[in-house]
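One structure is given below, encoded as structure tokens.
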Amino acid sequence: MDIRDLLLKDVMIMDLKASTKKEAIDEMVHKYYVNGVINDEDFYKKAIIAREEQSTTGIGDGIAMPHAKNKAVQRATVLFAKSNAGVDYDALDGNPVHLFFMIAAPEGANDTHLQALAALSGLLINPDLVAQLKKAQTPDEVQQLFADAEAAKEAKEAAKKKADAEKAKAPAAEKSDRPYVVAVTACPTGIAHTYMAEEALIKQAEAMGVDIKVETNGSEGVKHLLTADEIKRAAGVIVAADKKVAMDRFNGKPLVNRPVVDGIKKSEELITEAMHGDAPIYHASQNDSSSSEEAAGGSIGSRIYKDLMNGISHMLPFVVGGGILMALSFVIEQYFGGPKSIEFIFLNNAGSMAFAFMIPVLAGFIAESIGDRPALMPGFVGGFMATVYSGSFGGAYTANVMTHAQSSAGFLGGIAAGFLAGYITVLLRKLFSHLPKSLEGMKPMLLYPIVGLLIMALLMFFIVNPIFSVINEVVTTFLKHMGTGNAVVLGIILGGMMSIDMGGPFNKAAYVFAVGAFTSTNNGDLMAAVMAGGMVPPFAIALATAIWPKKFTDDERKAGITNWVLGFSFITEGAIPFATADPLRVITSGVIGAAIAGGLTQFWHVSVPAPHGGFWVTPLAINPFGYIIAVVIGTVIAGVILGFWKKEKEASK
């Protein structure tokens, strides 16, 4: 797309009359409205103001880039406005703004539009272009200045690409020893600041003689994804972002974490700090399941785990909120109002509605992790088909969420649907990569949704549901008819797994299995086992630090107090710092105590009909006394083993 297709002459304002920020926004938004770029002036203006409330888009040097992406926008457009007098726009440098670029992106903006907007944003880093724009008198001049700047940039990038290719062919001895850093840029809307920060960092790094690679997290998805080798090779990492990005991959690296605007305005400072290793060392939190241990590259197992965890992290709020409200409704039904009471009906319906989305959300975000945004819809639909499917060949799909639809594929089928949808999208991208550039806009808006959904539906209808119906039925039958002996063994295994890595793959595998069993049978027996097993490690740490304080440092004793609260709330990760410092003793004692607690819950037929909450959901449990005693016994055993095993001389003085 030619950049002049976005910079429409009809919507330019060459002499902005406004003198305040509010007046400037009103004047530019109204210009959009009268020219048909937006169909709802108030709705679009609210989005602009909401973005300004997050952080000002007055980036300094006399430039402001207000932007919004919503359904009021009819076509992607950039409004250029020039104020000769200047406007007090709360700019970061406190100076008046003379040049405005109001970016309007449709809610379903295609990749071509977003790439053009990104390119336009990057051009504004060029001070020569900014100076010439301040002198421009006509819309034609503005369009031509941007066209010339874009052509110059493309020529420069082509020359650099050629030089890099020649450098790659050079013998190892001739290759550059220049410093190397990596960066990630991201802003909430992913339209302007993301790419301006990228351009500023690249330009500054070139001036400083530093090699850099910048990953962008914008509206068109993640671009220039950093690989594990690139992160490992880098002297430091820069994260210039105003939204969440995958961070665990930077574990152990010097990391500069700043707002995205600092990537634009303070790029030299950020690069210097990262390059010389002056930044704090980043320590990944295993509590963050939305980011992976290795975000790029890595083994097949690590990629599968990353994709699965992306689905689970998005699913958990539906599981927890829906599950606990449903459990509360059963308490009301049994002890207070009965099945016809308004309290029971309200809570049960609210919980059921949230729970109904659990598997579709799981599948959708597994798919999104693999195939990015185009995979979300087929993944979501595949998960829905796994949830409400009735019958196999020639069967029907029931879309009435008020009825209890029998699931033939269930939780396991939903996981399969997510991975299938993700890799179907990856395959479609490869198949459609050879289409003419003129058809680029059709791919995200037409080809991916239609073809992806068609293939997904065929696979679910004829393969996934019939196969997983058998698997789901076998698992459900086994769980429903499991004897006490088998239940105790399974409880021991699940409880122990919760403590092996305290939030890692073993912990999540046990939890997912229990949630799957809970959704298939509506029985909370195994939820009790994993909940008890997950509470033991932090409780054991708290107990050991209280009884044997001389064997722990001051910081560890303080953290031990916090672990009482974390354990009570089923947050196993509170024990991670202790396990990192002394893995053999902490993990071994924790696994023993957690396994015993998990087994005891099954021996005493404890059931917790809520998928989270720790002791907070004890009133909902069947045999709550057994639930508490099982955790107490496991905690005492683990805490005593750790306390006696840990040597006093190992504690820091």
Side-chain angles (χ1 to χ4, degrees), residues 1-13 16 18 21-59 63-82 89 99-124 139 142-143 146 186-196 216-221 223 242-243 260 372-374 376-377 440-446 448-449:
M1 173 180 282
D2 190 323
I3 207 161
R4 286 171 288 193
D5 292 337
L6 294 174
L7 279 163
L8 302 180
K9 291 187 288 185
D10 291 343
V11 297
M12 291 187 188
I13 305 174
L16 193 73
K21 184 173 186 175
K22 181 182 182 303
E23 290 174 354
I25 291 174
D26 289 345
E27 189 172 343
M28 289 186 287
V29 171
H30 185 67
K31 186 73 170 178
Y32 265 155
Y33 181 69
V34 297
N35 282 277
V37 175
I38 58 175
N39 60 15
D40 189 326
E41 193 169 357
D42 290 337
F43 188 75
Y44 180 73
K45 188 188 300 182
K46 286 178 181 177
I48 288 288
I49 293 171
R51 174 62 186 88
E52 293 296 325
E53 288 174 349
Q54 292 176 347
S55 63
T56 180
T57 57
I59 62 174
I63 299 175
M65 297 189 68
H67 51 274
K69 175 183 176 184
N70 67 22
K71 62 183 181 182
V73 181
Q74 301 303 292
R75 59 167 295 180
T77 309
V78 178
L79 181 153
F80 172 82
K82 189 176 71 161
Y89 202 81
L99 300 179
F100 293 87
F101 299 86
M102 180 173 276
I103 300 175
E107 199 168 49
N110 61 42
D111 286 349
T112 305
H113 285 139
L114 294 172
Q115 288 165 10
L117 291 170
L120 179 64
S121 302
L123 291 175
L124 293 175
V142 174
Q143 280 197 334
F146 271 104
C187 71
T189 54
I191 296 175
H193 288 56
T194 300
Y195 304 102
M196 293 183 74
T216 56
N217 284 226
S219 289
E220 54 179 329
K223 298 293 183 183
D242 290 333
K243 71 175 185 179
V260 67
D372 214 339
R373 293 181 187 179
L376 182 62
M377 183 276 290
E440 281 290 319
M442 290 179 57
K443 291 195 287 187
M445 298 303 295
L446 193 65
Y448 292 148

Note, Lys46 side chain near Asn70 side chain (heavy atom, < 4.5 Å): no
Interatomic distance, Met12 atom CE to Asn35 atom CG [nearest 0.5 angstrom]: 11.5 Å
Test item: Tyr44 and Ile48 side chains (from C-beta on) under 4.5 Å apart, heavy atoms: yes
Option from Val78, Leu79, Val29, Thr77 for which side chain to side chain contact (heavy atoms under 4.5 Å, CB included) with Val37 holds: Thr77
Lys69 NZ to Arg51 CZ distance, which is reported to the nearest 0.5 Å: 14.0 Å
Sub-6.0 Å ring centroid separation between Tyr89 and Phe100: yes
Interatomic spacing from CD1 in Ile13 to NE2 in His30 - rounded to 0.5 Å: 9.5 Å
Close side-chain approach of Lys71 and Asn39, heavy atoms under 4.5 Å: no
Test side chain to side chain contact (heavy atoms under 4.5 Å, CB included) applied to Arg75 and Leu8, step by step: CA-CA 11 Å; Arg75 59 167 295 180; Leu8 302 180; 3.9 Å; yes
Contact summary for Glu27 and Ala18, nearest pair of heavy atoms: OE1-N, 3.1 Å
Leu16 versus Ala24, closest heavy-atom pair with distance: CD2-CB, 4.1 Å
Separation between CD of Gln143 and CG of Leu6, rounded to the nearest 0.5 Å: 10.0 Å
Check: Met102 and Lys31 side chains under 4.5 Å, non-hydrogen atoms: no
Atom pair CG (Asp26) and NZ (Lys45), whose distance is rounded to the nearest 0.5 Å: 4.0 Å
Test item: Val142 and Lys82 side chains (from C-beta on) under 4.5 Å apart, heavy atoms: no
